[in-house]
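The block underneath contains the structure these notes are about, expressed in structure tokens.
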Amino acid sequence: MGWPRIFLLFLCVAARGQQDFSAQFERIKAKATARQLYALLYELPKGGDLHHHGSLAAYPEEWLAAATNPQVLKGNRFYTRLRFLACPDSVEPFLRFHTIARFQWQQLSECAKAEYIALQEMSEPQRLEWLSAMRLDRRGEGREEFFERIVARLAALGRDPHVLLEVMARYVLRYSHEGLAYLETQFNPRNAVDERGQPVPVDEYVRLLRQTLERRELKSSGVTLRFLYPVIRFHPEAEKMVESAYAFVAQNRDLWVGLNLVGREDNDKGHALRFLDVFRAMRRKYSGVHLSIHGGEVDSPGREVRNTLLLGAERIGHGFNLITDPDTLLLLRHGRNLIEVCLVSNYLLEYVDHFARHPFVEYLRLGIPVSLNTDDPGVWESNLTDEYFLALRHFHLSWSEVVEVGLNSLEHAFLEPALKAQLIARYKSRIRAFEAKYSAPDWETKLNAVQPSISGFARRHLLVGAD
Ligand SMILES: [Zn+2]
């Protein structure tokens, strides 16, 4: 038999393998309990999480552990606001559990200082309240609670580089346990301050980051990390920030791969076309700085995605209202640009009132590349398994669609080509091993042996009343 025939035979066997598992996957979906399905998706090899805000990704327990650990704090200390005493210098807004660093606390009057307590001095009930204040876990909490309160409560913790890098190490390990291959997260290297409130020089910040990435547990986690530089889109100086972000990324290309525009899109000060001139100017100066930009994370119909593509975005964050813009929807069927879908985020921030009404599956089945992502999993108390669980439950994904979503997330990663090819090859071989494992008739026994880490979101929303 000549080589071409052997190759054809190989292709037939490979296609049959997928077809065989497709049927088995449908059998498992039909028979598995909710908990077994969760275990299956926890074990599923995953590609990349491409839409991820690095400072809102840690669970509240991880923040609290890092921010009360003297070895992490290196002399710093954090205080949280428990009560309001109407002091002349009481800080507005009156936000309970607003957490600040010692240098901020020291600037307050004795009266205002008494509104705060050191994190390690909280009682158990106070600790539980603090944890709850950092996540969307109560009825009625939504967009306002997230953007206007939780982000403010956590801001100072995310500016301490030691605390931020410690929680990053924790969540990378969590992702590793659910089979993630690649994390592209948003880190602003100019946001950090030291324990005296002085800006941490960017070189020092990068050195600390490299040191963390060298930790043995991270190197053996199987998760490759790259970073995007986030610019707050409605900031008065946002154009200048884009310029300095380009300069930084161009000098740190082994870790930072591009930029993102972040912050609520319903603030008109940050509309996409404001940035057209600056991105065009930057493209005249730099090559190879990638752009993933939030676009269409709004309630109203509109052309936000089209305008974001005009800025040069290769990937679109959310793309939620793309469904309302048929011309741009058709344009995206050419398949060059990926939509970073975040199901849990869009639900908790009230862009969609029921998962089944999310446009994700319309994009997927029109052939537009989509990936599933967690966005701010620390605040949702979610994980990537939850996103797959929702996609399966509400849109009945076939096996080939599940694999396609994972593959998309690697093919559209802003990773250097050789390493990307390696991650894709590894993903495919892990998928084959997964198919082999669960093709056997004893799949149920195997699933019952899996011990998934069930997220708080899943406990509250996905597995309520499950067996
Ligand atoms: Zn986002």
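These numbers come from the heavy atoms of this one structure, side chains and all, not from hydrogens, waters or symmetry mates.
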What I want to find out is whether [X] reaches [Y] closely enough, with some N-O distance under 4.0 Å, to be called a salt bridge.
X: R170; Y: E62; answer: no
X: E61; Y: R135; answer: yes
X: E401; Y: R365; answer: yes
X: R96; Y: E129; answer: yes
X: K31; Y: E444; answer: yes
X: E214; Y: K219; answer: yes
X: D386; Y: R460; answer: no
X: E178; Y: R174; answer: no

Does the side chain of [X] pick up a donor-acceptor pair with the side chain of [Y] at under 3.5 Å?
X: T99; Y: W63; answer: no
X: R303; Y: T328; answer: no
X: H162; Y: N76; answer: no

Supply the atom-to-atom distance [X] [atom1] to [Y] [atom2], rounded to the nearest 0.5 angstrom.
X: D375; Y: L50; atom1: CG; atom2: CG; answer: 12.0 Å
X: L462; Y: F389; atom1: CG; atom2: CZ; answer: 5.5 Å
X: S55; Y: L154; atom1: OG; atom2: CG; answer: 8.0 Å

May I ask you to test the [X]-[Y] pair for a side-chain heavy-atom distance under 4.5 Å?
X: Q24; Y: E435; value: no
X: M241; Y: R190; value: no
X: W256; Y: V289; value: no
X: E141; Y: D137; value: yes
X: L390; Y: F360; value: no
X: Y171; Y: T185; value: yes

Ignoring hydrogens and angles, tell me if any N or O in the side chain of [X] forms a donor-acceptor pair with the backbone of [Y] under 3.5 Å.
X: N408; Y: S371; result: no
X: E350; Y: R143; result: yes
X: K46; Y: L41; result: yes
X: R315; Y: H412; result: yes
X: Y427; Y: V403; result: yes

Heavy-atom closest pair, residues L228 and S292: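 Smallest heavy-atom distance, with atoms named: CD1-CB, 4.1 Å.
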G295 versus E304, closest heavy-atom pair with distance: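 Nearest heavy atoms, G295 then E304: C-CB, 4.5 Å.
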Classify the ring geometry between [X] and [Y] as parallel (under 30°), tilted (30 to 60°) or perpendicular (over 60°).
X: Y38; Y: Y42; answer: parallel
X: H294; Y: H318; answer: tilted
X: F94; Y: F84; answer: perpendicular
X: F21; Y: F434; answer: perpendicular

Sequence-distant partners of R432, side-chain hydrogen bond (donor to acceptor under 3.5 Å, both in side chains), two or more places apart: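 Result, side-chain hydrogen bond (donor to acceptor under 3.5 Å, both in side chains) vs R432: none returned.
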All side-chain hydrogen bond (donor to acceptor under 3.5 Å, both in side chains) counterparts of N252, not counting sequence neighbours: none
Passing option when H271 is tested against L273, D268, N267 for side chain to side chain contact (heavy atoms under 4.5 Å, CB included): L273
Working for salt bridge (Lys or Arg N to Asp or Glu O under 4.0 Å), residues E43 and R430: CA-CA 11 Å; E43 277 247 294; R430 288 167 67 217; over 6 Å; no
Worked check of ring-ring contact (aromatic ring centres under 6.0 Å, His included) between W443 and F25: CA-CA 10 Å; W443 61 266; F25 189 61; over 10 Å; no
